[in-house]
Amino acid sequence: MDLGVTDRVRPLIDRVRRMVETEIAPLDREYHEEVGRHPSGDRFRMTDRQLEILNGLKAQARERGLWNFWLTDSEEGFGLTTVEYAYLAEEMGKVGIAAEVFNCNAPDTGNMEVLERYGTAAHKQRWLKPLLNGDIRSAYLMSEPEVASSDATNIALTAVKDGDAWILNGDKWWATGAGDPRCKLYIVMACTDPDAHKHSRHSMFLMPADAAGIEVLRPMQVFGADDAPHGHMHIRFTNVRVPGEDLVLGEGRGFEVAQGRLGPGRIHHCMRAIGLAEKALELLCRRAMERDAFGRKLTDLGANHDIIANARMEIEMARLLCLKAAWVMDTQGTRAAQSWISQIKVVAPLMALKVVDEAMQVHGAAGISQDFPLAAMWTHLRTLRFADGPDAVHRRQVARAELRKYGNGKV
């Protein structure tokens with residue numbers, strides 16, 4: 001099991017790290033400070049300066065060949081393994097807008113997985129090509145306000161067949177990215193046969209974000225923030241008509257598509273979370289060495305040596321688990337890696353939250369202010385413990401896999 005940095009990816013890590021540190025990070029604060037400054041006052045409309053920052057950085061990344069690293073096992077991708085990509089995603093995770101600069105951002109990577117693995121030639125021409133080019137954004141609509149969406153068999157938005165089309169009705173929420181004015185595609189999970197076996201009731205649909213009958217009700221707030229201009233929107237479908245050819249893979253195969261999408265997406269989140277933890281530890285150490293209190297450096301007060309040591313050890317352990325999950329994906333496939341992905345999906349956000357929390361503590365009141373990125377990092381990581389399945393669901397999957405070893409494969 002080779003989890004190390006390969007000769008192929010080593011120079012890419014250096015190039016990505018250098019661009020993140022010297023070109024992207026200096027503009028990240030300015031990009032976020034532009035939110036709400038559009039002449040219309042709409043926080044979900046991007047200013048000319050925001051577009052200038054993003055488009056300029058993306059053009060540079062693409063010209064340098066630092067683009068679409070995430071797509072494995074595809075002629076459209078960069079040709080990296082998931083293990084190799086993990087090292088790059090970690091660097092991108094350190095700065096808010098970095099992943100998009102390299103066209104490696106959620107939820108677009110997962111949506112592109114759907115289109116690449118399961119889409120028709122027409123789907124790929126209409127949606128995948130502009131997404132791979134970084135020209136548009138997309139959203140994935142699964143969770144619903146009226147059901148416990150952690151059990152995806154509960155998904156209740158209805159899709160009823162009407163001739164050669166489907167009619168969709170219901171609400172979705174936490175549609176990440178749907179607030180972005182560049183979002184042009186929704187991928188929607190809907191119930192097409194409530195009487196079928198629980199894993200055959202649902203289907204996945206593609207549709208333009210401006211289809212008739214789609215209404216964005218509100219942005220969902222995350223600890224009081226609306227995450228503009230990206231946003232996590234509450235959306236209502238009222239008699240939305242979707243052509244039959246925009247059903248993905250086939251009727252009743254929504255779970256199959258979802259699992260193919262969510263496996264890579266979950267581990268990508270974890271890779272970036274490890275990068276956030278590394279950045280938080282760096283901020284912690286720099287602050288502790290620069291500040292004095294009670295006549296001594298902060299490094300020499302309390303248990304700060306232990307805190308720093310534990311953070312380093314816990315980051316290293318989480319990274320190894322993430323790389324192991326990536327290796328299983330590369331060698332045995334996403335299905336075989338599910339338990340490993342669930343393990344890291346629990347471990348990485350919890351570890352990173354702990355490191356960020358310690359960094360905030362060392363920064364004092366400044367640590368929870370807008371003067372440092374730590375508060376935003378914390379809220380993102382706490383939210384990540386819900387995204388793509390809450391901790392309890394992933395722990396259940398890990399426990400069931402463990403118990404199957406002792407129950408003749410049955411739990």
Side-chain angles (χ1 to χ4, degrees), residues 106-107 110-111 113-114 118 138-179 183 185-222 231-263 265-266 338 342 345 383 385-394 396-397 400:
N111 292 340
E113 288 269 3
V114 169
Y118 310 115
S138 60
Y140 182 66
L141 282 63
M142 190 167 179
S143 296
E144 298 177 6
E146 300 300 327
V147 298
S149 301
S150 56
D151 177 359
T153 62
N154 286 333
I155 296 302
L157 183 140
T158 62
V160 177
K161 203 159 191 178
D162 181 31
D164 294 331
W166 294 84
I167 306 298
L168 276 62
N169 282 281
D171 282 21
K172 295 286 187 183
W173 69 350
W174 297 106
T176 298
C183 181
L185 168 67
Y186 290 169
I187 300 183
V188 182
M189 189 164 178
C191 183
T192 46
D193 185 357
D195 297 321
H197 180 273
K198 65 179 182 178
H199 289 123
S200 300
R201 296 171 189 164
H202 299 86
S203 304
M204 206 75 76
F205 295 89
L206 307 175
M207 67 192 68
D210 60 356
I214 292 178
E215 179 186 5
V216 177
L217 299 180
R218 57 177 177 159
M220 302 303 301
Q221 293 188 357
V222 183
H232 316 276
M233 313 309 275
H234 182 176
I235 299 171
R236 178 159 295 159
F237 290 72
T238 304
N239 296 325
V240 177
R241 190 176 186 85
V242 181
E245 59 265 26
D246 289 334
L247 173 69
V248 181
L249 198 58
E251 184 178 345
R253 301 182 71 178
F255 266 81
E256 183 180 348
V257 176
Q259 287 304 314
R261 180 197 185 281
L262 291 172
R266 285 169 176 147
Q338 283 182 354
S342 286
K345 181 58 175 60
T383 306
R385 291 182 59 197
F386 293 105
D388 291 349
D391 291 0
V393 170
H394 288 293
R396 180 173 182 266
Q397 291 300 107
R400 285 166 62 87

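Because only heavy atoms are used, hydrogens play no part in the values below, and waters and symmetry mates are left out as well, while side chains stay in.
Among residues at least two apart or in separate chains, there is no salt bridge (charged side-chain N to carboxylate O under 4.0 Å, His left out) pair with a member in residues 200-213. Screening residues 188-199 for side chain to side chain donor-acceptor pair (under 3.5 Å) gives T192-S203 as the qualifying pairs, with residues at least two apart or on separate chains. Within the structure, every pair that satisfies the salt bridge (charged side-chain N to carboxylate O under 4.0 Å, His left out) test and touches residues 154-178, not counting sequence neighbours, is listed here: E144-K172, D162-R241, D171-R236.
A heavy-atom distance below 4.5 Å is not found between the side chains of V242 and L247. A heavy-atom distance below 4.5 Å is not found between the side chains of R261 and M204. Within the 4.5 Å cutoff, the side chain of E215 has heavy atoms near those of the L217 side chain. Residues D246 and F205 form no side-chain contact, since every pair of their non-hydrogen atoms from C-beta on lies 4.5 Å or further apart.
Rounding to the nearest 0.5 angstrom, the gap separating the CZ atom in R400 from the CD atom in Q338 is 11.5 Å. Of the inter-residue distances, the one linking E256 atom CD with H202 atom NE2 reads 15.0 Å to the nearest 0.5 angstrom. Rounding to the nearest 0.5 Å places OG1 of T153 at 5.5 Å from CZ of F255. The distance from the CG atom of L168 to the OH atom of Y186 is 13.0 Å, given to the nearest 0.5 Å. Taken from CG in L141 to OG1 in T176, the straight-line distance is 9.0 Å, to the nearest 0.5 Å. The distance from atom CH2 of W166 to atom OG1 of T158, rounded to the nearest 0.5 Å, is 10.5 Å.
Partners of R396 under the salt bridge (charged side-chain N to carboxylate O under 4.0 Å, His left out) rule, at least two apart in sequence or in another chain, do not exist in this structure. Scored by the side-chain hydrogen bond (donor to acceptor under 3.5 Å, both in side chains) test, E251 finds no partners at all (sequence neighbours excluded). In this structure S138 satisfies the side-chain hydrogen bond (donor to acceptor under 3.5 Å, both in side chains) test together with D108, N111, sequence neighbours excluded.
Heavy-atom minimum distance, S143 versus S149: CA-OG, 3.5 Å. H234 and P145 make their closest contact through NE2-CG, 4.0 Å (heavy atoms, listed as atom of the first residue, atom of the second, distance). Heavy-atom minimum distance, A211 versus V240: CB-CG1, 4.3 Å. Closest approach of G265 to D388, counting heavy atoms only: C-OD2, 4.0 Å. In this structure, G389 and K345 approach most closely via the heavy-atom pair O-NZ, 3.4 Å. L157 and N169 make their closest contact through CG-O, 3.4 Å (heavy atoms, listed as atom of the first residue, atom of the second, distance).
In this structure, F386 places its CZ atom where only 12 or fewer heavy-atom neighbours from other residues, nucleotides or ligands lie under 6.0 Å away. The environment of E146 atom CD is sparse: at most 12 non-hydrogen atoms of other residues, nucleotides or ligands sit within 6.0 angstrom.
A donor-acceptor pair under 3.5 Å is formed between the side chain of N154 and the backbone N or O of A148.
Ring geometry for W174 versus H232: interplanar angle of 30 to 60°, hence tilted.
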